[in-house]
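In this text the structure is predicted, and so the values were computed from the model without any measurement. All residue numbers refer to positions in the sequence shown, counting from 1.
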Amino acid sequence: MIIIVKSGTKEERIRDLIRWIEAQGLKTHLSEGEYSTIIGVIGDTSKLDENLVGGLDIVEGVKRVSEPFKSANRKFHPLDSVIEVGEAKAKVGAGHFAMIAGPCSVESEEQIISVAKSVKAAGATMLRGGAFKPRTSPYDFQGLKADGIELLLEAKRETGLPIVTEIMNANHLPLFEEVDVIQVGARNMQNFELLKELGKTNKPILIKRGLANTIKELLMSAEYIMASGNENIILCERGIRTFETATRNTLDLSAVPVLHELSHLPVIVDPSHATGVARYVKPMAMAAAACGADGLIIEVHNDPAHALCDGAQSLRPEQFAELAQAVRTVRAAALEAEGGKQA
């Protein structure tokens with residue numbers, strides 16, 4: 001349920017209404033915009049008399065929300081959310097574009113620090129790197145695990161870049177205390193027990209769409225985290241599995257405007273996993289920027305030919321620098337076109 005409060009209502013009256021609603025065993029979410037204030041009500045709203053609430057002198061209107069995702073719903077939170085990351089306060093969403101880059105796997109101190117320095121010089125705002133690696137084959141490299149996180153932290157100390165790395169098991173959470181953004185990979189998007197545990201943290205969570213999941217299912221996974229108390233969510237489109245075999249997955253860029261329409265959460269795109277081919281990453285990154293993505297997550301390796309994981313889709317540092325410049329050009333053009341329409 002959404003309660004639209006009349007413009008000019010005193011804050012004390014709004015707080016009184018919220019306390020009354022929460023006394024019914026319901027949760028509330030207050031969204032204060034420039035022109036309106038909205039109280040989102042979450043839970044069994046049949047406990048509330050819609051006519052009684054609608055008849056209050058401070059209430060302009062009451063609406064039911066039919067979608068099963070509530071906290072992630074733009075109706076509850078009309079303005080775009082901005083997620084702040086790390087001590088550097090790197091921002092994602094509402095015009096703040098995140099450029100996340102780094103290797104698929106952390107392999108050595110020399111490798112991760114070298115890549116971190118090169119991507120920062122090219123304009124990256126965060127460093128990605130896999131410490132725990134979910135692999136299809138049990139014989140493939142599974143990551144350096146805790147040692148990999150330590151190496152990421154060393155790269156963070158060297159460059160100041162916030163770090164993004166994937167979690168596979170809630171038991172590993174103590175190892176992620178100094179990690180800035182915890183990534184939930186496509187395979188764990190519907191690991192609901194893990195999502196509930198991540199909801200008890202206050203860290204930003206980057207959640208990737210599963211390779212065979214719908215947009216609604218992605219939003220419901222975000223809802224699991226938010227329902228447990230953590231609203232710092234970044235959504236990621238990383239391609240879905242279709243009948244096409246020319247690329248690793250099919251990058252569904254239509255998900256970006258659809259998610260922006262349905263949700264206030266920032267949406268980034270992963271063209272590396274989507275295509276699986278390094279030469280396709282730049283054009284798809286440019287396309288993602290053009291369609292309104294709030295950021296990109298790109299795989300970069302200093303020696304892709306000898307990478308222990310996903311070398312075929314990894315860019316060399318100089319290629320990433322070219323991509324970053326192209327993306328900046330596309331974003332500038334898109335913003336200018338948007339401004340022209342508004343004018």
Side-chain angles (χ1 to χ4, degrees), residues 98-107 111-112 115 118-119 122 124 126-143 148 164-166 168 183-189 206-215 218 234-256 267-291 293 295-324 326-327 330:
M99 187 67 85
I100 308 168
C104 177
S105 295
V106 179
E107 299 170 4
Q111 172 240 19
I112 191 62
V115 173
S118 65
V119 297
M126 295 180 226
L127 173 68
R128 63 145 293 155
F132 293 87
K133 294 304 301 177
R135 305 301 300 279
T136 302
S137 170
Y139 308 113
D140 288 339
F141 177 59
Q142 305 291 311
V164 182
T165 193
E166 183 173 351
M168 291 172 59
Q183 177 181 309
V184 176
R187 292 174 174 86
N188 272 316
M189 191 203 88
L206 191 163
I207 182 166
K208 288 191 169 187
R209 181 182 178 185
L211 70 165
N213 288 106
T214 64
I215 289 172
L218 173 60
I234 302 167
L235 304 173
C236 181
E237 168 57 42
R238 48 80 70 200
I240 53 176
R241 180 167 290 174
T242 68
F243 55 81
E244 184 54 70
T245 58
T247 53
R248 182 175 182 177
N249 295 285
T250 297
L251 181 53
D252 180 13
L253 286 181
S254 66
V256 175
V267 183
I268 70 168
V269 171
D270 178 354
S272 301
H273 279 91
T275 63
V277 182
R279 65 181 178 275
Y280 300 150
V281 173
K282 179 181 173 182
M284 297 316 298
M286 295 168 68
C291 75
L296 295 163
I297 181 166
I298 307 289
E299 290 196 355
V300 181
H301 196 288
N302 55 346
D303 186 10
H306 296 95
L308 298 180
C309 176
D310 286 346
Q313 65 197 38
S314 298
L315 301 183
R316 297 189 304 276
E318 62 271 20
Q319 291 175 312
F320 174 72
E322 293 174 5
L323 177 150
V327 166
V330 169

| task | Output, in order, the C-alpha distance, side-chain angles, deciding distance and verdict of side chain to side chain contact (heavy atoms under 4.5 Å, CB included) for Val281 and Gln319. | result | CA-CA 10 Å; Val281 173; Gln319 291 175 312; over 6 Å; no
| Non-hydrogen atoms of Tyr280 and Ala246 that approach each other most closely | CE1-O, 4.4 Å
| Taking atom CG of Asp270 and atom CZ of Arg209, what is their separation to the nearest 0.5 Å? | 13.0 Å
| request: Over all heavy atoms of both residues, which pair between Cys104 and Cys309 is shortest? Give the atoms and the distance, please. | output: SG-SG, 2.7 Å
| request: Compare every heavy atom of Ala98 with every heavy atom of Met126, then report the nearest pair and how far apart it is. | output: CE-CB, 4.0 Å
| field | Gap between atom OG1 of Thr165 and atom CZ of Arg128 - 0.5 Å precision | value | 8.0 Å
| Heavy-atom distance under 4.5 Å between the side chains of Asp310 and Ser272, does that happen here? | no
| remark: Minimal heavy-atom distance between Lys282 and Leu323, with the atoms involved, is CA-CD1, 3.6 Å
| query | Is a side-chain N or O of Glu107 found less than 3.5 angstrom from the main chain of Leu308, in a donor-acceptor match? | reply | yes
| request: Starting at NE2 of His273, measure out to CZ of Arg248 and round the result to the nearest 0.5 Å. | output: 5.0 Å
| query | Do you know the tightest heavy-atom contact between Ile298 and Ala285? | reply | CD1-CB, 4.4 Å
| query | Is there a donor-acceptor contact under 3.5 Å from the side chain of Glu237 to the main chain of Gly239? | reply | yes
| request: Not counting sequence neighbours, which residues clear salt bridge (charged side-chain N to carboxylate O under 4.0 Å, His left out) with Glu166? List them please. | output: none
| message | Using 0.5 Å steps for rounding, measure from the CE atom of Met284 to the CG atom of Leu296. | response | 11.0 Å
| field | Contacts of type side-chain hydrogen bond (donor to acceptor under 3.5 Å, both in side chains), residue Arg316, not counting sequence neighbours | value | Glu318
| Flag, side chain of Asn302 to backbone of Pro317, donor-acceptor distance under 3.5 Å | no
| How many angstroms lie between atom NZ of Lys208 and atom CG of Asn213, to the nearest 0.5 angstrom? | 14.0 Å
| field | Expected output: side-chain Ser105 to main-chain Gly130 donor-acceptor under 3.5 Å | value | no
| said: Do Ile207 and Leu235 make a side-chain contact, defined as non-hydrogen atoms from C-beta onward lying under 4.5 Å apart? | reply: yes
| task | Compare all side-chain heavy atoms of Ile112 with those of Leu127 and state whether any distance is below 4.5 angstrom. | result | yes
| remark: In short, Gly210 meets Ile240 closest at the heavy-atom pair O-CG2, 4.0 Å
| message | Return the CD to NE2 distance between Gln111 and His301, rounded to the nearest 0.5 Å. | response | 4.5 Å
